[in-house]
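Inspection log for the structure reproduced underneath, given as structure tokens.
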Amino acid sequence: MITEAILTKEKAVIPYVTAGLPDLDTTGEILKVLDEAGAAAIEIGIPFSDPMADGPVLQKASYAALQAGFSLDRLLSRLEKWSGSVRAPLIIMSYINPIMRRGIKETFSILREKGVQGLILPDMPLDGYELFTMCRDSGLDLIRLVAPTTPLERQKEVVSQCSGFVYAVTVKGVTGARSSLPAEIRRQVSDIKSFTDLPVCAGFGVSNADQVKDMLTFADGVIVGSWLMGRIMEAEKPVMAARQMFVELMGSKRI
Amino acid sequence: MKVYFGEFGGQYVPETLFPALQELEDEFSAAWNDREFRDEFNSCLRDYVGRPSPLTHARRLSAHLGIEVWLKREDLNHTGSHKINNAIGQILLARRMGKQRIIAETGAGQHGVATATACALFGLPCAVYMGTRDIERQHMNVERMRLLGAEVVPVSSGSATLKDATSEAIRDWVTNVDTTYYLLGSAVGPHPYPTLVREFQRIIGEEARMQILEKTGSLPRAVIACVGGGSNAIGIFSGFINDPVELIGVEAYGDANGRHSASIHFGSPGVLHGARSYLLQDRDGQVLDTHSIAAGLDYPGVGPEHSFLSATRRARYELVDDRQALEAFRLLNRLEGIAPALESAHAIGYLDQYAKGHAGAAVVVNLSGRGDKDLHTVLKEGI
């Protein structure tokens with residue numbers, strides 16, 4: 001259960017990892033060390049050729065993973081092993097086209113069979129109800145995004161068609177580490193919490209342990225993607241780097 | 001307003017953008033029903049763009065092909081293509097919405113030039129996203145945009161062409177959505193863009209219909225236009241959509257090595273840049289690289305209304321390759337003294353296929369732009 005996994009962690013940090021970078025074996029090892037280091041849940045990103053919600057780092061990660069020969073079949077063939085070897089619930093993040101191409105229902109049920117627990121779609125259509133029910137019927141949590149621009153009525157509608165946790169987007173913009181984050185996120189999170197019992201996790205732009213610490217004072221969890229992937233891509237030993245960076249984010253000293 | 005055309009269209013965008021798309025739809029609906037807005041749009045088209053554009057009887061080309069060819073001369077518009085119609089319409093909308101900054105994407109540079117021109121006319125700052133590959137092959141338009149005071153932002157990600165420029169423009173919009181108006185150039189993207197762009201381009205079809213009736217006393221057998229994203233085609237088609245007239249879109253069949261950008265012919269339904277439409281993609285749903293000698297057609301998707309017109313068989317879509325487009329470019333120069341844009345040359349290039357079996361038929365071809373920008377490319381291939 002994603003909801004429980006977040007609520008029972010004292011410090012719920014959710015790392016994002018682009019699948020297949022530099023290869024799927026490495027992705028599997030990265031998941032393991034992140035899990036051991038205390039990740040509350042782990043987002044696995046399916047690379048896409050045209051990631052319009054992503055900044056330069058995750059664009060580059062996506063592109064490199066595709067160049068390295070990523071395929072959805074190969075990912076699916078690993079998922080079962082991965083989900084069996086980590087405690088943290090696995091969440092798939094994918095643009096909608098790769099899932100549509102394969103067949104939405106079919107893909108949802110395969111993901112569930114392989115032990116995936118949740119799904120994030122950054123380019124959901126305006127009316128997401130059908131996708132929400134399809135996810136629910138497959139036993140997957142559909143984690144929805146609430147943006148700083150989302151009007152209150154729409155926030156309520158989105159959250160009513162959401163499970164697992166609510167993903168509060170901290171900034172107007174695309175993914176990517178930022179040195180400072182807007183103060184409004186505090187109010188945005190408390191607004192959302194006023195009408196839902198689901199945990200509310202904040203993401204986009206998180207880049208250091210202080211931000212994580214600060215955000216955990218009002219949010220139930222924090223999602224970290226670009227900053228982590230940027231470090232992983234630069235590192236000679238990506239698995240070790242992932243572990244070090246995550247431990248640093250959690251606020252412990254480097255090991 | 002309809003969000004979908006049958007099973008095509010829709011809004012598949014980051015959550016941040018939904019309020020902006022709603023605002024755009026509301027403002028457009030209000031403006032389009034506002035007499036004052038329409039008057040201002042029409043007077044800009046008349047006094048600045050130079051509309052109506054003529055309908056020219058291509059006499060020597062007609063004799064050569066054995067059909068009666070009428071050219072809708074969008075190449076004679078200010079800035080040299082149909083793109084200015086939409087740029088003027090949307091800039092008036094942006095002003096009405098109080099937006100302080102304009103962004104756009106461009107492939108061939110025609111939409112970029114049209115947008116930069118409209119921004120100069122109304123004194124608004126402008127950033128145009130353009131793939132580095134297109135910057136190289138459409139250099140003259142890059143310089144024109146800079147002269148007009150626009151910032152040309154190079155995009156080197158992915159295939160470094162129109163699709164990547166479009167993604168980058170969307171990213172800018174998500175980031176600066178409060179202050180910035182995204183002036184999309186083709187009939188693609190999330191609702192309401194495909195509808196809005198069609199309405200601003202509808203003037204092409206309305207004029208062409210009146211002109212052909214005035215000149216020949218009857219409707220043409222067919223209306224023919226090139227299709228990349230499909231704004232010039234949807235503009236001219238919309239004037240004839242309720243008539244017993246064949247509507248024919250011409251897609252770019254590319255080089256001889258199987259590289260093309262014919263999304264309707266070879267694509268399957270998929271989501272790119274916020275809409276569901278025919279898309280060139282692999283079995284994993286990754287968008288494929290495309291090729292056309294015409295930068296403005298070099299796009300893996302197509303406007304959702306074209307997908308709908310194809311699926312419902314109201315329009316059909318044909319193929320013309322790079323070589324045929326180049327031949328048509330040369331032919332129109334020699335027989336009519338007109339240099340078409342390489343995009344429009346695809347529509348001209350289809351005529352000899354059409355002429356077989358349609359001897360004597362009258363056709364209207366949308367000559368969507370002029371070819372000065374392509375001289376460099378054509379000269380490389382040899383006159």
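The sequence lines fix the lettering, A, B, ..., with proteins before strands; numbering per chain opens at 1.
- The minimum heavy-atom distance between Pro14(B) and Met52(A), with the atom names listed, is CD-CE, 3.8 Å.
- If you measure heavy-atom distances from Arg283(B) to chain A, the contacts under 4.5 Å come from both the backbone and the side chain.
- The residue among Arg154(A), Lys60(A), Met100(A) with the most heavy atom pairs within less than 4.5 Å of chain B is Arg154(A).
- A salt bridge is defined here as a Lys NZ or Arg NE, NH1 or NH2 lying under 4.0 Å from an Asp or Glu carboxylate O, and Arg74(A) with Asp284(B) fails to meet this definition.
- Both the backbone and the side chain of Thr16(B) come within less than 4.5 Å of a heavy atom of chain A.
- Within residues 172-183 of chain B, the residues approaching chain A closer than 4.5 Å by heavy atoms are, in numerical order, Val174(B), Thr175(B), Val177(B), Asp178(B).
- Put simply, the side chain of Asp123(A) never gets that close to the backbone of Tyr12(B): no donor and acceptor are under 3.5 Å apart.
- Under a cut-off of 6.0 angstrom, the local environment of CG in Asp73(A) is crowded, with over 12 non-hydrogen atoms contributed by other residues, nucleotides or ligands.
- Pairs engaging residues 280-305 of chain B under the ring pair (Phe, Tyr, Trp, His ring centres under 6.0 Å) rule: His273(B)-Tyr299(B) [sequence neighbours left out].
- Interatomic distance, Arg276(B) CZ to Ile96(A) CD1, rounded to the nearest 0.5 Å: 10.0 Å.
- One finds a salt bridge joining Lys163(B) and Asp50(A) here, because a Lys/Arg side-chain nitrogen approaches an Asp/Glu carboxylate oxygen to under 4.0 Å.
- Neither the backbone nor the side chain of Gln22(B) comes within less than 4.5 Å of any heavy atom in chain A.
- In this structure, chain B has a heavy atom under 4.5 Å from the backbone of Asp54(A), while its side chain stays farther away.
- Note that the OG atom of Ser49(A) and the CG atom of Asp282(B) stand 7.5 Å from one another [nearest 0.5 Å].
- Residues satisfying the side-chain contact (heavy atoms from CB on, under 4.5 Å) test with Ala262(B), not counting sequence neighbours, are Glu251(B), His260(B), His265(B), Phe266(B), Leu319(B).
- Within a 6.0 Å radius of CD in Glu130(A), no more than 12 heavy atoms belonging to other residues, nucleotides or ligands are found.
- Atom CZ of Phe200(B) has more than 12 heavy atoms from other residues, nucleotides or ligands within 6.0 Å.
- Contacts of Leu66(A) with chain B are made by side-chain atoms alone, with heavy-atom separations under 4.5 Å and no backbone atom involved.
- Looking at Leu272(B), the atoms closer than 4.5 Å to chain A (heavy atoms on both sides) all sit in the side chain, from C-beta outward.
- Residues forming a side chain to side chain donor-acceptor pair (under 3.5 Å) with Tyr278(B) (at least two apart in sequence, or on another chain): none.
- When all heavy atoms of Thr150(A) and Glu15(B) are compared, the closest pair comes out as OG1-CG, 3.6 Å.
- Although no hydrogens or angles enter the test, the distance criterion places no donor-acceptor pair under 3.5 Å between the side chain of Gln11(B) and the main chain of Pro125(A).
- With Arg101(A) contributing its side chain and Pro269(B) its backbone, the two residues share no donor-acceptor pair below 3.5 Å.
- A donor-acceptor pair under 3.5 Å links the side-chain atoms of Gln286(B) to the main chain of Pro47(A), judged by distance alone.
- Within 6.0 Å of the CZ atom in Arg187(A), the count of heavy atoms belonging to other residues, nucleotides or ligands does not exceed 12.
- Most heavy-atom pairs under 4.5 Å with chain A: of the set Leu279(B), Leu17(B), Val287(B), Leu288(B), this distinction falls to Val287(B).
- Residue Tyr129(A) places its OH atom among 12 or fewer non-hydrogen atoms of other residues, nucleotides or ligands, all under 6.0 Å distant.
- When each of Phe48(A), Tyr95(A), Phe70(A) is scored by its heavy-atom pairs under 4.5 Å with chain B, the top score falls to Phe48(A).
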